[in-house]
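Every chain is numbered from 1 and lettered A, B, ... according to where its sequence line falls, protein lines coming before strand lines. Quick caveat: nothing in here was measured; it's all calculated off a predicted structure.
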Number of protein chains: 2
Amino acid sequence: MSDEPATPSARGTLSREKVLRAAVAMADEAGGAVPSTRKLAERLGVRAMALYHHFKNKDELLDGMVDLVFAEVALPEPGEGWREGMRRRADSMRAALGRHPWAVGLMDSRVHPGAATLRHHDAVIGCLRADGFTIAGAAHAFSLLDSYIYGFAIQEAALPFDSSGGDDMEAVAAGVMAQAAGRFPHLTEMAVEHAMRPGYAYGEEFAIGLDLILDGMERRRADW
Amino acid sequence: MSDEPATPSARGTLSREKVLRAAVAMADEAGGAVPSTRKLAERLGVRAMALYHHFKNKDELLDGMVDLVFAEVALPEPGEGWREGMRRRADSMRAALGRHPWAVGLMDSRVHPGAATLRHHDAVIGCLRADGFTIAGAAHAFSLLDSYIYGFAIQEAALPFDSSGGDDMEAVAAGVMAQAAGRFPHLTEMAVEHAMRPGYAYGEEFAIGLDLILDGMERRRADW
DNA sequence: AGGAAAACTGTACGGTGTAAAGTACAGTCG
DNA sequence: CGACTGTACTTTACACCGTACAGTTTTCCT
């Protein structure tokens, strides 16, 4: 049972890329959690320690996984104006983080950006510079946009209910509201008269905030 | 050795609050990591399982720790205008996340906001509403500001060097730049001609982005 | 005084990442 | 061709993790 890797040699079954793809697939399936080395190895028909021939340690594997997510993000296209470019990559980045929610929790501990990550950053900065942003201005814009995108992903992940809309409010949220009812009037008001209304989906806030930021960038482009 | 809790009874040595304070202190000391139940218990002169009389599981303890961080954040004051209120709480929140960097990585998995967190949210929304923001407008503003604050904290945590300024670029960053040199010209340009310059500190980007956001909010306040 | 509830301890289980050493195959060189 | 070497995998083992479950006290309420 499950001793698939008891075959004398599983040589050649592994490679950095194969491992990373399997790890990402498993993390996606599990929802928010990265697989353990043993589970990942089992899926690959191999023993856990085999992974360590391709990755120095688990952290390096996580770096690779995050880089794979960055590789999915649509970069601004050459001819494209900065505003459309920024919007497109922002939407694309958010979508990628939506497909791979486990990446959000990893971002704050990834100190070693991979090749796709660097290429992504380079393309974003290049797009801004090509449209007249100064170096400092591009740095401001980049910091602001990325902060917003990652932060929004965090908030979406931390919502006690699904952000895609619908009235499927969980028991969790119900409990929160129960204790909040009398003591936090503004929060309660916003919840019952706005957020819990049928048509509301938190996800739509993303575009609204993004527009404000892009407008502000447009206005400051010259001074920055 | 370390059998402090071998005393027949350690009754009364624990309480929710004492445990949480110790846990926060240990996490702060460790830098970016939450203590294990055993280590935390040892510090409190108690065995690990004693913690489970005050917290259902570790997740609940983490919820409490994050709530303690929110409790440190300065709320907008009653008489204060929305702009100063928002700026003050943003700066204060960023400072709190700087003091407790482990909280950043926890935020995306905290689905159960505590009392301090709810009070914080309520105060922020209240401040906006008091200055004429509609419910929807306050929701937009809240989402945007919080996303920016959390996202900025993520980015600061993920920097391969200290964001407080100074030329203490690490070997990590050096390695990154080495491979980036030829392939990512815009990134390289920004790094060598801007970010690595003596006077630059990434942390200062926070205020710049925040100003842009507050300006945009001001402009939209009526329409939202 | 007695019994229940509360707050702690002991032990154990199944999981984690990974160090260290062993084994088998592939390729190169004399 | 055969030995040598390096590579890719396995085995075993360790320390640590969260926590279920079953005591053991101590305290408090009748």
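The side chain of B/M49 lies closest to D/dA20, out of D/dA20, C/dT16, C/dT18. Distances were taken from every side-chain heavy atom of B/R38 (C-beta onward) to each of D/dG18, C/dT16, D/dA8; the shortest belongs to D/dG18. Taking the side chain of A/S36 as heavy atoms from C-beta on, and the options D/dT10, C/dG17, D/dT19, the nearest nucleotide is C/dG17. With distances taken from any side-chain atom of B/R47 to the nucleotides C/dG10, D/dC17, D/dT19, the minimum falls on C/dG10.
Annotation: cation-pi geometry satisfied between B/R94 and B/F206 (NZ/CZ under 6.0 angstrom from ring centroid, within 45° of ring axis).
Judged by distance alone, the side chains of B/Y52 and B/E60 never bring a donor and an acceptor atom under 3.5 Å apart.
Using a 4.0 Å cut-off between a side-chain N of Lys or Arg and a carboxylate O of Asp or Glu, A/D67 and A/R119 do not qualify as a salt bridge.
Between B/H53 atom NE2 and D/dT27 atom C1' the separation is 14 Å, expressed in whole Å. To the nearest angstrom, P of C/dT18 lies 11 Å from CD of A/E60. Between A/L62 atom CG and C/dT16 atom P there is a gap of 14 Å when expressed in whole angstrom units. Regarding A/F55, its CZ atom lies at a distance of 12 Å from the P atom of D/dC9, rounded to whole Å.
The distance from the CG atom of A/N57 to the OG1 atom of A/T37 is 11.5 Å, given to the nearest 0.5 Å.
The phosphate of D/dT7 has neither OP1 nor OP2 within less than 4.0 Å of any side-chain N or O from A/H54.
The nearest heavy atom of DNA chain D to A/L51 and to B/Y52 marks one nucleotide each, and the one closer to the 5' end goes with A/L51. With DNA chain C read from its 5' end, the first of the two nearest nucleotides for B/S15 and A/K58 is the one closest to B/S15.
Residue B/K39 is in sugar-phosphate contact alone, with no base atom involved, counting any heavy-atom pair closer than 4.0 Å across all strands shown.
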